[in-house]
Amino acid sequence: MARGEAETTDPDGGRWGRRRVLGGGALLAGGITLGAVGMSQGAGLADRHLPLSGGPASATVGNRRQDVGAGGLQVVWHVPATERLIALTFDDGPLPQWTPTVLDILDRHAVPATFFLVGARVRRHAGLIRGRLTRHEVGNHSWRHRDLARLAATEVHDDLRRSHEAITEVTGVPPRLVRPPYGHLGGGVLHAAVRLDYRVVLWSLQMVEGEFPDDPAGHARRIVADVVPGTILLAHDAGSENRQVAVRGLDAMITGLRARGYTFVTVSQLLSRASGPRVGG
């Protein structure tokens with residue numbers, strides 16, 4: 001031990017030098033400081049240890065014949081189009097504070113949209129959408145909005161199947177589209193989607209509510225300027241208060257896009273009117 005270096009006894013009777021104690025304290029303090037950051041990265045670190053075979057990354061299940069429906073899967077972000085067409089989509093509903101307002105605005109402008117519904121919310125709030133989706137399209141957005149990319153294929157299938165059945169029962173229309181929460185595509189999501197004969201629909205443009213706090217008109221102008229033919233636009237009929245900026249500016253956005261010559265269609269209508277090579281299967 002160096003001169004002047006104090007000793008400390010640990011609970012097991014070992015002897016620690018001052019430098020070791022101070023070093024350990026620094027590590028502990030650093031660990032606490034990094035904790036706030038580390039927690040946000042914790043899921044990513046945990047993912048490193050997720051199993052590949054049979055886990056979320058695997059798009060196959062077991063060694064026997066794969067139950068894969070038609071055998072192919074379409075994943076869409078954007079649809080090539082020569083016409084000025086846009087597909088407006090809403091995620092995460094239905095919820096009482098949001099969905100009726102969105103539907104009222106769309107009805108007022110006779111605009112069709114595609115709603116990616118959360119199955120558990122469909123069960124709980126069936127009255128909000130029953131009979132109100134005639135001009136619209138429905139898609140599956142999972143049962144409880146869990147990150148499906150972290151689940152194995154069998155779990156994802158069970159989740160999406162449960163949501164599928166709830167949506168079908170309430171709306172009377174089986175969904176043919178799926179949008180995984182957060183846009184996360186794991187192998188299990190792909191396998192479950194092909195089993196359910198879904199098209200996977202993501203988006204090519206999304207609302208940017210956080211950039212326009214308390215400025216619905218500014219937000220609407222931004223979206224109108226960014227749309228190009230074949231855009232699939234992501235919006236929400238659920239979420240934090242800041243997202244209400246997009247809803248409050250929805251009238252202006254619709255009016256602005258129509259002034260630019262755009263026609264609103266559902267996702268499936270957009271896919272059917274794609275120009276050039278067909279998008280997927």
Side-chain angles (χ1 to χ4, degrees), residues 70 72-93 102-103 105-117 133-141 173-185 189-190 193-194 196-212 216-237 243 245-247 249-281:
L73 180 66
Q74 180 182 20
V75 182
V76 181
W77 289 261
H78 172 90
V79 178
T82 55
E83 301 174 82
R84 293 199 167 202
L85 302 174
I86 175 174
L88 177 57
T89 68
F90 291 90
D91 285 10
D92 299 354
V102 170
L103 287 170
I105 295 170
L106 297 178
D107 286 347
R108 187 158 61 245
H109 293 275
V111 164
T114 302
F115 287 84
F116 288 94
L117 303 170
L133 298 177
T134 305
R135 69 160 51 90
H136 305 295
E137 181 172 33
V138 296
N140 193 338
H141 198 44
V173 180
R176 295 272 52 91
L177 310 175
V178 62
R179 175 175 285 164
Y182 316 108
H184 290 179
L185 280 178
V189 174
L190 299 178
V194 75
L196 292 165
D197 195 25
Y198 280 148
R199 287 170 162 172
V200 177
V201 177
L202 300 175
W203 59 88
S204 56
L205 181 65
Q206 69 181 83
M207 302 295 194
V208 286
E209 302 96 337
E211 297 180 22
F212 293 86
H219 182 267
R221 286 193 298 270
R222 164 69 177 276
I223 298 301
V224 169
D226 285 349
V227 166
V228 297
T231 291
I232 297 175
L233 177 59
L234 169 63
H236 296 87
D237 59 329
R243 284 183 177 169
V245 168
V247 176
L250 189 55
D251 281 290
M253 190 199 77
I254 292 170
T255 301
L257 284 168
R258 282 184 166 160
R260 288 189 59 202
Y262 276 90
T263 298
F264 290 88
V265 293
T266 65
V267 168
S268 291
Q269 288 169 340
L270 183 61
L271 288 166
S272 71
R273 295 167 70 171
S275 63
R278 188 179 180 189
V279 181

Enquirer: Tell me, with the steps shown, if Thr114 and Arg179 meet side chain to side chain donor-acceptor pair (under 3.5 Å).
Expert: CA-CA 11 Å; Thr114 302; Arg179 175 175 285 164; over 6 Å; no
Enquirer: How about Arg243 and Met207: do any of their side-chain heavy atoms sit closer than 4.5 Å?
Expert: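 No; the side chains remain at least 4.5 Å from each other.
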Enquirer: If you take all heavy atoms of Leu250 and Phe90, which pair is closest and at what distance?
Expert: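 Closest approach of Leu250 to Phe90: CD2-CZ, 4.1 Å.
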Enquirer: Taking the side chain as everything from C-beta on, heavy atoms only, tell me whether Leu270 gets closer than 4.5 Å to Val76.
Expert: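 Sidechains of Val76 and Leu270: no contact.
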Enquirer: Pro229 and Ala81: which non-hydrogen atoms are nearest, and at how many Å?
Expert: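 Closest approach of Pro229 to Ala81, heavy atoms only: CB-O, 3.4 Å.
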Enquirer: Please identify each residue that fulfils side-chain contact (heavy atoms from CB on, under 4.5 Å) with Pro216, with sequence neighbours left out.
Expert: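 Counting only residues at least two positions away or on another chain, Pro216 forms a side-chain contact (heavy atoms from CB on, under 4.5 Å) with Val245, Arg248.
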Enquirer: How long is the span from the CZ atom in Arg273 to the OG1 atom in Thr263, to the nearest 0.5 Å?
Expert: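 The CZ atom of Arg273 sits 7.0 Å away from the OG1 atom of Thr263.
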Enquirer: So, taking the atom named CZ in Arg108 and the one named CG in Asp251, what distance separates them when rounded to the nearest 0.5 Å?
Expert: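 Output value for this atom pair is 4.5 Å.
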Enquirer: To the closest 0.5 Å, what do you measure between CG (Leu196) and CG (Leu177)?
Expert: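 Separation between the atoms: 12.5 Å.
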Enquirer: What closest approach, in Å, do Arg135 and Thr266 show between heavy atoms, and which atom pair accounts for it?
Expert: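 In this case the closest contact between Arg135 and Thr266 is O-CG2, 4.1 Å.
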Enquirer: Going from OG1 on Thr231 to CZ on Arg84, what distance comes out if it is rounded to the nearest 0.5 angstrom?
Expert: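 These two atoms lie 11.0 Å from each other.
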Enquirer: Compare all side-chain heavy atoms of Val267 with those of Val79 and state whether any distance is below 4.5 angstrom.
Expert: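 Val267 does not reach Val79 side chain to side chain.
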Enquirer: Would you find a donor on one side and an acceptor on the other, under 3.5 Å apart, between the side chain of Arg199 and the backbone of Leu271?
Expert: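 No: the side chain of Arg199 does not pair with the backbone of Leu271.
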Enquirer: Taking the side chain as everything from C-beta on, heavy atoms only, tell me whether His219 gets closer than 4.5 Å to Val208.
Expert: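 Heavy-atom side-chain distance check passes, below 4.5 Å.
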Enquirer: Quick check against the 3.5 Å criterion: does His78 have a side-chain atom that pairs as donor or acceptor with the backbone of Gly230?
Expert: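 Yes.
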Enquirer: How many angstroms lie between CD1 in Ile223 and CG in Leu257, if you round to the nearest 0.5 Å?
Expert: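 If I round to the nearest 0.5 Å, the distance is 9.0 Å.
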Enquirer: List for me each residue that meets ring-ring contact (aromatic ring centres under 6.0 Å, His included) alongside His236, sequence neighbours excluded, and say none if there are none.
Expert: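 For His236, no residue satisfies ring-ring contact (aromatic ring centres under 6.0 Å, His included) once neighbours in sequence are set aside.
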Enquirer: Apply side-chain contact (heavy atoms from CB on, under 4.5 Å) to the pair Ile86 and Leu205, showing each step before the final yes or no.
Expert: CA-CA 10 Å; Ile86 175 174; Leu205 181 65; over 6 Å; no
Enquirer: Donor-acceptor pair, Arg176 side chain versus Ser268 backbone, under 3.5 Å?
Expert: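 No: the side chain of Arg176 does not pair with the backbone of Ser268.
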Enquirer: If the plane angle is over 60° it's perpendicular, under 30° parallel, otherwise tilted; pick one for Phe115 and His136.
Expert: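 It falls in the perpendicular class, over 60°.
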Enquirer: Thr255 and Val224: side-chain contact (heavy atoms from CB on, under 4.5 Å), yes or no, with the steps?
Expert: CA-CA 9 Å; Thr255 301; Val224 169; over 6 Å; no
Enquirer: For residues Leu202 and Leu185, determine if any side-chain heavy atom of one lies less than 4.5 Å from a side-chain heavy atom of the other.
Expert: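 Counting from C-beta outward, Leu202 and Leu185 do come under 4.5 Å.
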Enquirer: Please name the pair of heavy atoms, one in Tyr262 and one in Leu85, separated by the smallest distance, quoted to 0.1 Å.
Expert: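 It is CD2-N, 3.8 Å.
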Enquirer: Run the side-chain contact (heavy atoms from CB on, under 4.5 Å) check on Val201 and Ile232 step by step: do they pass?
Expert: CA-CA 9 Å; Val201 177; Ile232 297 175; 4.2 Å; yes
Enquirer: What's the separation between atom CD1 in Ile254 and atom CG in Leu106, rounded to the nearest 0.5 Å?
Expert: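 With rounding to 0.5 Å, CD1 (Ile254) is 5.5 Å from CG (Leu106).
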Enquirer: Looking at side-chain heavy atoms only, is the closest gap between Met253 and Leu233 below 4.5 Å?
Expert: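 Yes, their side chains come closer than 4.5 Å.
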Enquirer: Please name all residues satisfying ring-ring contact (aromatic ring centres under 6.0 Å, His included) with Tyr198, sequence neighbours left out, ordered by chain then number.
Expert: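 His164.
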Enquirer: Identify the heavy atoms of Pro112 and Phe264 that sit nearest to each other, and give their distance.
Expert: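 That would be CG-O, 3.3 Å.
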